[in-house]
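Inspection log for the structure reproduced underneath, given as structure tokens.
Sequential numbering from 1 along the given sequence is applied to the chain's residues. Just so you know, ligand 1 is whichever comes first in the structure, and atom 1 is the first atom listed for that ligand.
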Amino acid sequence: MVNEKNAYRAHCLVLAYPTQGHINPMLQFSKRLEHKGVRVTLVTTYSISKTIHKEATSIALETISDGYDDGGIEQAESIQAYLERFWRVGSQTLSQLLEKLSSSGCPVDCIVYDAFLPWALDVAKKFGLVGAVFFTQSCAVDNILFHVYKGVLKLPLSEPEILLPGLPPLQPQDTPSFICDFGSYPAFFDMVVQQFSNIDKADWVLCNTFYELEQEVVDWMAKIWPLRTIGPTIPSMFLDRRLKDDNVYGFSIFKPSTDACMTWLNDRTKGSVVYVSFGSMAALEVEQMQELAWGLRMSNRYFLWVVRKSEEAKLPENFVEETSEKGLVVRWCPQLEVLTHEAVGCFVTHCGWNSTLEALSFGVPMVAVPQWTDQSTNAKYIMDVWKMGLKAPVDEKGLVRREAAKHYIREIMEGERGKEIKKNALKWRKLAKEAVDDGGSSDMNIEEFVAKLVHS
Ligand code: UDP
């Protein structure tokens with residue numbers, strides 16, 4: 001019996017960086033481990049845990065301190081100050097948590113830590129534990145950042161074309177924003193590059209992707225590290241359906257307007273709705289928000305648009321009232337249920353990695369409107385490698401104009417290119433499900449990880 005204390009095969013502590021896009025995949029990986037008989041304690045910061053809406057989940061949650069217990073990064077003087085203090089206070093409080101778990105009879109065998117928090121490996125090694133780094137971004141993005149870390153890719157970029165092993169030729173604008181817009185967020189730049197500072201000491205390198213999706217780059221990186229793909233980390237009931245009750249992520253930083261969204265979608269016909277979301281963090285320029293609002297209006301399609309509270313003031317005046325016949329604007333939605341609703345025919349997305357994996361796994365064609373960090377690289381792959389969507393062109397100010405938004409939405413919904421994309425969509429949906437299903441590439445990798453943990 002898995003729920004008896006001593007019957008667990010091993011105990012993993014899973015440490016997530018405190019944002020929605022990092023907690024979701026690590027929580028889902030935790031559920032997969034638990035399903036295979038491993039005890040899991042998910043750990044995040046005290047400050048973010050206070051804002052989390054918990055839905056049903058069996059995973060135990062513990063917290064450590066980032067040194068800003070009353071507000072997290074929002075409370076810090078700067079991003080750099082936040083990350084430095086998190087490093088120091090996080091290491092101490094993580095050590096204390098390990099001691100507490102040990103003295104309460106639940107010693108930890110392995111720390112699975114977010115690649116953004118490389119100091120957790122030092123803590124794991126101090127306690128003699130197995131250390132597994134977990135990358136929440138695509139392997140393509142990780143590979144680009146690794147080449148920056150090695151000094152092979154020199155910054156600022158000077159060549160018109162970037163050629164790296166395992167990757168298609170890239171233009172500067174296809175690289176992560178911290179690279180092509182070098183100097184834009186120096187503290188985040190340091191963080192994503194320092195992910196590789198001690199990776200050679202990690203016992204495992206786990207990546208939230210699946211082999212079939214990123215075969216070439218995975219093959220290349222797996223020659224350097226003990227790399228295993230374990231994704232897509234999407235609740236099982238949307239994929240292989242082997243983990244009963246696993247139908248939501250479970251920890252939500254914003255409260256979703258579930259009833260409003262689902263009731264509204266239920267009244268729409270198949271494939272008639274454009275779903276628009278920029279994830280949990282991106283802040284759009286006011287002008288970009290207005291252009292999109294106009295583009296949606298001009299497309300004359302139904303739309304469900306997630307506009308977080310902090311973004312609401314950027315909407316054109318009276319937009320919500322004036323478009324209420326065609327659109328629904330909410331502050332947060334249950335994205336998995338929305339993307340799998342048959343009414344949704346197109347996803348206008350910032351191409352955050354989780355949203356990208358979700359759309360690929362459910363076969364929803366995308367209009368890519370990347371904003372920052374890894375999103376441009378994901379957009380490049382969506383359009384040119386996986387052929388699952390179109391990247392909306394930007395003008396000289398970097399903005400997607402209303403005409404382009406309208407055109408690309410229509411192209412996906414009823415154009416020739418849309419038909420081709422919908423065909424590919426079926427292929428990716430099948431491959432994503434197979435990867436996590438019994439005997440699939442990710443399932444076998446998780447099985448191997450657990451088996452070695454048990455015998456170490
Ligand atoms: N999400 C959600 N409701 C929303 C918008 C997003 O549940 O209204 C979820 C989405 O399913 C995804 C995560 O939030 O799992 C966003 O992660 P992503 O990597 O796409 O973007 P980020 O928020 O990190 O920029």
Side-chain angles (χ1 to χ4, degrees), residues 16-29 31 44 48 51-55 73 114-116 134-138 141 176-178 185 188 191-192 207-209 231-235 237-239 246-262 264-265 273-284 303-312 328-341 344 347-362 364 366 368-379 381-382 389 432:
Y17 184 79
T19 60
Q20 188 78 68
H22 286 243
I23 294 172
N24 283 0
M26 297 196 82
L27 170 63
Q28 285 313 123
F29 181 61
K31 293 179 189 170
T44 191
I48 204 82
T51 67
I52 282 176
H53 299 269
K54 290 186 195 70
E55 293 164 77
I73 199 163
D114 196 305
F116 282 9
F134 187 106
F135 282 89
T136 61
Q137 296 181 324
S138 79
V141 167
S177 66
F178 308 135
Y185 285 91
F188 283 142
M191 180 173 75
V192 296
C207 297
N208 179 22
T209 184
T233 53
I234 291 171
M237 292 313 278
F238 292 90
L239 291 172
D246 181 25
N247 51 13
V248 282
Y249 283 115
F251 293 149
S252 196
I253 291 171
F254 305 102
K255 199 171 168 19
S257 304
T258 305
D259 291 346
C261 292
M262 301 325 281
W264 188 86
L265 284 175
V273 173
V274 184
Y275 167 56
V276 189
S277 164
F278 291 87
S280 62
M281 290 172 77
L284 271 64
F303 64 86
L304 168 58
W305 189 358
V306 177
V307 179
R308 299 191 320 275
K309 189 164 180 275
S310 55
E311 295 285 285
E312 271 172 359
L328 177 67
V329 178
V330 296
R331 288 179 174 171
W332 195 247
C333 80
Q335 181 160 300
L336 299 173
E337 286 174 53
V338 168
L339 284 176
T340 49
H341 196 289
V344 172
F347 181 16
V348 177
T349 172
H350 68 315
C351 310
W353 184 234
N354 295 294
S355 295
T356 302
L357 281 177
E358 289 160 10
L360 278 162
S361 303
F362 304 151
V364 183
M366 290 172 265
V369 185
Q371 298 300 307
W372 71 317
T373 171
D374 58 339
Q375 296 158 12
S376 331
T377 315
N378 301 339
Y381 270 74
I382 288 168

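Taking the six-membered ring for Trp and thresholds of 30 and 60 degrees, Phe188 and Tyr185 have ring planes inclined between 30 and 60 degrees apart. Between Phe29 and Phe134, the ring planes are tilted. Angles from 30° to 60° get that label. Classified by interplanar angle (parallel below 30°, tilted 30° to 60°, perpendicular above 60°), the ring pair Phe362/Phe238 is tilted.
For the side chain to side chain contact (heavy atoms under 4.5 Å, CB included) with Val330, the qualifying choice from Val307, Val338, Val306 is Val306, the only one to do so.
With respect to atom 3 (N) of ligand 1, the closest heavy atom belonging to the protein is Cys333 O, 2.6 Å. The protein heavy atom nearest to atom 10 (C) of ligand 1 is Gln335 NE2, 3.4 Å. Among all non-hydrogen protein atoms, the one lying nearest atom 11 (O) of ligand 1 is Glu358 OE1, 2.8 Å. The protein heavy-atom contact nearest to atom 13 (C) of ligand 1 is Asn24 ND2, 3.8 Å. Looking from atom 9 (C) of ligand 1 to the surrounding protein, the closest heavy atom is Trp332 CZ2, 3.9 Å. Summary of contacts: the protein heavy atom closest to atom 25 (O) of ligand 1 is His350 NE2, 3.1 Å. The nearest heavy-atom contact from the protein to atom 19 (O) of ligand 1 is Asn354 ND2, 2.9 Å. Among protein heavy atoms, atom 23 (O) of ligand 1 sits closest to Ser280 OG, 2.5 Å.
For Tyr275 and Gln335, the side-chain atoms include at least one donor-acceptor pair closer than 3.5 Å. No side-chain N or O of Gln137 forms a donor-acceptor pair with one of Asn378 less than 3.5 Å apart.
Residues Ile23 and Phe251 share a closest heavy-atom pair of CG2-CD1, 4.0 Å.
With ligand atoms numbered from 1 in the order given, ligand 1 contributes 18 (P), 20 (O) to contacts under 4.0 Å with heavy atoms of Ser355. Under a 4.0 Å criterion applied to the non-hydrogen atoms of Val306, ligand 1 contributes the atoms 8 (O). Using a 4.0 Å cut-off to heavy atoms of Gly279, the atoms of ligand 1 that qualify are 23 (O). Close approach to Trp353 involves these atoms of ligand 1, each under 4.0 Å from a residue heavy atom: 19 (O). Close approach of ligand 1 to Ser277 (heavy-atom distance below 4.0 Å) involves ligand atoms 5 (C).
Looking only at side-chain heavy atoms (C-beta outward), Thr258 and Pro334 come within less than 4.5 Å of each other. At a threshold of 4.5 Å between non-hydrogen side-chain atoms, the residues Asp246 and Gln28 count as touching.
Contacts of Tyr249 with ligand 1, taken as heavy-atom pairs under 4.0 Å, involve the side chain alone.
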